[in-house]
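Just below is one structure, and these are the notes that go with it.
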Amino acid sequence: MTTAVRTEIDPAIETYIDERLAEIAPRVPDNRVTMVVFSGDLDRQLASLVIATGAAAMGMEVSIFYTFWGLSALKRETHLKGKSFKEKMFAIMTPKRLAKMPVSKMNFAGIGSAMLKSMMKEKQVASIDELFAMAREMGVKFIACTMSMDVMGISQEELVEEVSLGGVATFLGDAARSRVSLFI
Amino acid sequence: MTTAVRTEIDPAIETYIDERLAEIAPRVPDNRVTMVVFSGDLDRQLASLVIATGAAAMGMEVSIFYTFWGLSALKRETHLKGKSFKEKMFAIMTPKRLAKMPVSKMNFAGIGSAMLKSMMKEKQVASIDELFAMAREMGVKFIACTMSMDVMGISQEELVEEVSLGGVATFLGDAARSRVSLFI
Amino acid sequence: MTTAVRTEIDPAIETYIDERLAEIAPRVPDNRVTMVVFSGDLDRQLASLVIATGAAAMGMEVSIFYTFWGLSALKRETHLKGKSFKEKMFAIMTPKRLAKMPVSKMNFAGIGSAMLKSMMKEKQVASIDELFAMAREMGVKFIACTMSMDVMGISQEELVEEVSLGGVATFLGDAARSRVSLFI
């Protein structure tokens, strides 16, 4: 039926409509969410994963771009061999994986972080590692910022396998076609 | 006049245009601003309310989604009765209402916060409580994140009356149709 | 050729298409990125300039709106004469220019900041002052928030020349027509 209707339209009109739509269509966002996760704090990382899994559950495409302290979320292990003194310092001071991160507030020697995790468990909220695994299974795309890796002396072998590498152009490419972009 | 012009158009063309527009129209944002307020710092909360009242004054729809430490902005009173030890700890360490919040920098025993408030008063900038009241009167929508309330043991009775409750889907529903989304 | 095709179309149809597009076109974003830089931390300021120069290199229009502690990035010099005691306090505690900023983490008496700068130099990443100069040359628009200047007692003479002044309406005007808006 639709095809029948379409064939009746003057090709000149179709061309005209195509031209007019071409002016705006490339700037209309896709059903997509893009986040920069800059912070290495447990609570902010948690917020980003709650948003990521929520958006994926709603059928949105999700990219998380990890940069600076945020890269902690992707660290599988810490290699010290072959690193310069400064690289070692950065390596030791950025925790590996999510479960070891501090909280942005109330972080008295890790009590805040322990309390938050304990409360989440009691309330049966998914833990940060569970959320990360869920996000991965739901197709959330994890990108590690290569410039941050370089500056902080982090190699790809230290990161979890699910991650791809990218620069600021990768982030902007995804963000420019997103309905929601957040810096966390 | 407009109606007269419209009736002249071939219904097949109208249908074709409708179909073509339906491909992009649902992803074109409304005149709307959505914010996640994650931080409980006075200065960041202040920034969110300045943006909210500014956007409302420009005729935009505004939603603020309060999560984690940001929930402090909505606390009317602190109930300790019936709370677990950990819930009490969270309750005591998150100030009630905006006027008691710390500043993110220079917060030497509250001096930074006092100074900022004193400077705002001198310069006749609206205080944080005035901004909150203004935002409410201008129709800004305040949403408390139910997951955060649950994890931190905050009940609805502890929150101001103007607030509605919502989850990540509520936030994403508003953000996906917003021209501006911010994580503060 | 295109003109020839266009002249064949019934003006009533053109008018109808114009009307239909006018419903959505004003809300379709331009190829633009707008940031609020609220933080005065070296690492966050760095992230904003990496995004700004990256976006400009990709042909996007970029505005950075500096507010609160973020204003440090624009400070050329600190004037104490004629300031009130509180204004002097703010002036002394907000560093002038980017090179003197602290890092958000690991800032043990400036060691974190020194280390980050030293690592960036070793890895031949542009320094923060180079990035700022690059951004300026690439046409990135720098706006200082007048309300923050007022509250913190900063005058225009204390800011670098490249900056223009604006309020929340300036920010929202740019952000509302941006594909990407970030609060940093």
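Order of the sequence lines sets the chain letters (A, B, ...), proteins ahead of strands, with each chain counted from 1.
Among the residues in residues 177-184 of chain B, those with a non-hydrogen atom closer than 4.5 angstrom to a non-hydrogen atom of chain A are B/Ser178, B/Ser181, B/Leu182, B/Phe183.
Nearest approach of B/Arg27 to A/Asn31, heavy atoms of both residues: CD-N, 4.0 Å. Smallest separation of non-hydrogen atoms from A/Arg44 and B/Ser39: NH2-CB, 4.1 Å. Considering every non-hydrogen atom in both A/Ala25 and B/Ile24, the closest pair reads CB-CG2, 4.4 Å.
With a 4.5 Å cut-off on non-hydrogen atoms, A/Met60 touches chain B through its side chain but not through its backbone. In this structure, no portion of A/Arg32 lies under 4.5 Å from any heavy atom of chain B.
Evaluation of the side chain to side chain donor-acceptor pair (under 3.5 Å) rule for B/Thr67 yields B/Ser148 as partners, not counting sequence neighbours.
Contact tally against chain A (heavy-atom pairs below 4.5 Å) for B/Val168, B/Thr34, B/Val28: the top residue is B/Val168. When B/Phe38, B/Phe68, B/Phe171 are compared by the number of non-hydrogen pairs under 4.5 Å with chain A, B/Phe38 comes out ahead.
Using a 4.5 Å heavy-atom cutoff, the side chains of A/Ile13 and B/Tyr16 are not in contact.
Considering CG of B/Leu21 and CD1 of A/Ile17, their distance stands at 8.5 Å, rounded to 0.5 Å.
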